[in-house]
Amino acid sequence: MPSYDHAKVWLNGEVVSPEEAKISVFSQAVLRGSSIYEGIRAYWSEERNNLFLWKIDPHIRRLFDSMRVMRMTPPYTAEEFKDAVVEWIRANEFKEDLHFRLNVYFDDSGPLDMKGYAADEVDTCVFISGGPNSNRKRQEQGVNLCVSSWRRISDDSVPPRVKASANYQNGRLAGVEARINGYDDALLLNQDGKVAEGTGTCIMIVREGKLITPPVTASILESITRDSVIEMFGRHIGPEPVERPMDRTEIYVADEAMICGSAAEVAPVLSLDRIEVADGKPGDITRRLQEIFYAAARGVDETYEKDIMPVY
Ligand code: PMP
């Protein structure tokens, strides 16, 4: 079975070896970060002997939203993107939990690089890469976070709503700083000084039984896992989750806090700025949400059948 690093790559319509999966040094993706992507998971079910893509349709929808905002012309239809994902997985014969990326990027704009790299001046290209990934350490043990000294990018400069690769330099600065200072990761405040999100995750707290999370206008990525957790809490735990601006100190006094995202899944937040969240242990509601999430994503809870797509 190919490992994460050695899996085949889908590159512009062909499945190629990792050695062949190269892009040009003149690519606008390399030169100026002109690239958008999706980070997607698929979950293996022993019982059903199948691999399920989790929420592939919302991911493809957001891929198109990212292309629209970043003024990239879609090179394929939604169905063609989905077919490419299935083709890539089957070519690698993956039968285990996966995390992979679907990237759309601008390639070479010509030898003199004099063009404005608008959509009609460059080639829009696609690759899919990734592989087996089921590291559950953070989900099991939880994370200790700090509030970053870096602020989250905002919609009036570099829009965080969509998944542009260049946005990740903001999260990288925050994440690296956090680790140098002895934390697992960082939370970023937005330009209003309210809580935005993590470096690759959204944040939620529980106070007196209510789930609270910043709104989609708080300089956050419109996270698909965030939507899932909101829906799952509302349906299985209740009451109706609250989306509103969040202060940093609300996390200090919360009963529970968690981060969520496709890569991170649902992980407990144990402390913020070295102040423990409640007793500094994963909360009961966080644990319950993790159970609900995995039951849905692995095809155990059949009420989530519309959110999973079998690969085989
Ligand atoms: N915020 C940021 C900045 C992210 O990079 C991610 C991961 N894609 C998330 C939130 C979570 O989004 P999703 O649940 O769609 O993966």
Side-chain angles (χ1 to χ4, degrees), residues 33 35-43 53-66 69-70 85 97-104 128-130 133 135 138-139 143 145 147-148 150-155 157-178 185-191 194-205 211 213-233 241 243 246 257-267 269 289-290 292-294 296-297 304 307-308:
S35 165
I36 57 115
Y37 78 106
E38 282 300 311
I40 307 170
R41 276 195 184 271
Y43 292 90
L53 286 159
W54 174 244
K55 293 210 165 181
I56 186 71
D57 287 329
H59 278 288
I60 299 292
R61 170 67 215 250
R62 189 172 63 186
L63 189 81
F64 276 77
D65 291 347
S66 294
V69 170
M70 301 312 286
V85 167
D97 292 356
L98 302 180
H99 180 265
F100 61 94
R101 297 162 302 264
L102 174 49
N103 282 66
V104 181
I128 305 169
S129 65
N133 178 299
N135 179 10
R138 282 188 164 202
Q139 292 87 333
V143 290
L145 305 180
V147 170
S148 181
W150 297 96
R151 289 289 174 102
R152 187 69 180 130
I153 50 175
S154 68
D155 200 58
S157 54
V158 185
R161 160 160 295 100
V162 295
K163 218 166 151 65
S165 305
N167 293 0
Y168 284 81
Q169 293 307 312
N170 178 230
R172 180 175 164 270
L173 287 173
V176 168
E177 178 194 56
D185 214 331
L187 276 187
L188 290 108
L189 304 182
N190 60 28
Q191 299 296 326
K194 299 292 183 188
V195 174
E197 60 184 342
T199 60
T201 54
C202 284
I203 175 87
M204 319 207 150
I205 59 171
L211 186 82
T213 192
V216 290
T217 48
S219 297
I220 67 170
L221 178 74
E222 290 193 343
S223 153
I224 290 157
T225 320
R226 174 185 175 281
D227 283 351
S228 304
V229 172
I230 288 173
E231 187 278 330
M232 288 167 181
F233 183 93
E243 297 175 53
M246 183 187 286
M258 68 199 86
I259 50 173
C260 70
S262 298
E265 299 170 312
V266 179
V269 176
L289 282 165
Q290 288 178 325
I292 296 167
F293 181 83
Y294 289 125
Y304 288 95
D307 295 320
I308 60 176

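For this chain, numbers begin at 1 and follow the sequence in order. All ligand and atom numbering here is 1-based and tracks the order in the structure.
Taking the six-membered ring where the residue is Trp, the centroids of Y168 and Y37 are separated by under 6.0 Å.
Between R61 and E222 there is no salt bridge, since no side-chain N of the basic residue sits under 4.0 Å from a carboxylate O of the acidic one. Look at D155 and R161 and you find a salt bridge, because one of the NZ, NE, NH1 or NH2 atoms lies within 4.0 Å of a carboxylate O, short of that distance.
Of the candidates S262, G200, G261, the one placing a heavy atom closest to atom 7 (C) of ligand 1 is G200.
Close approach of ligand 1 to R152 is summarised as follows: ligand atoms under 4.0 Å from at least one heavy atom of the residue are 3 (C). Under a 4.0 Å criterion applied to the non-hydrogen atoms of R62, ligand 1 contributes the atoms 12 (O), 13 (P), 15 (O).
The nearest protein atom to atom 1 (N) of ligand 1, hydrogens excluded, is given as E197 OE1, 2.7 Å; this is a heavy-atom distance. The protein heavy-atom contact nearest to atom 14 (O) of ligand 1 is T225 OG1, 2.5 Å.
In this structure the side chain of L188 never reaches within 4.5 angstrom of the side chain of V195, judged on heavy atoms.
For the 3.5 Å distance criterion, the side chains of R151 and N170 fail to qualify, holding no donor opposite an acceptor.
Distances between N or O atoms of I224 and those of ligand 1 include at least one value under 3.5 Å. Residue T199 places no N or O, backbone or side chain, under 3.5 Å from any N or O of ligand 1. In terms of polar-atom proximity, defined here as any N/O pair under 3.5 Å, K163 does make such a contact with ligand 1. When only interatomic distances are considered, the shortest N/O to N/O separation between Y168 and ligand 1 falls below 3.5 Å.
Ligand 1 is never approached by I220 to a heavy-atom distance shorter than 4.0 Å.
Here the rule is side-chain hydrogen bond (donor to acceptor under 3.5 Å, both in side chains) with R101, and of S165, S129, S262 only S129 fits it.
K55 contributes atom NZ, which lies 13.0 Å from atom CD of E38 (distance to the nearest 0.5 angstrom).
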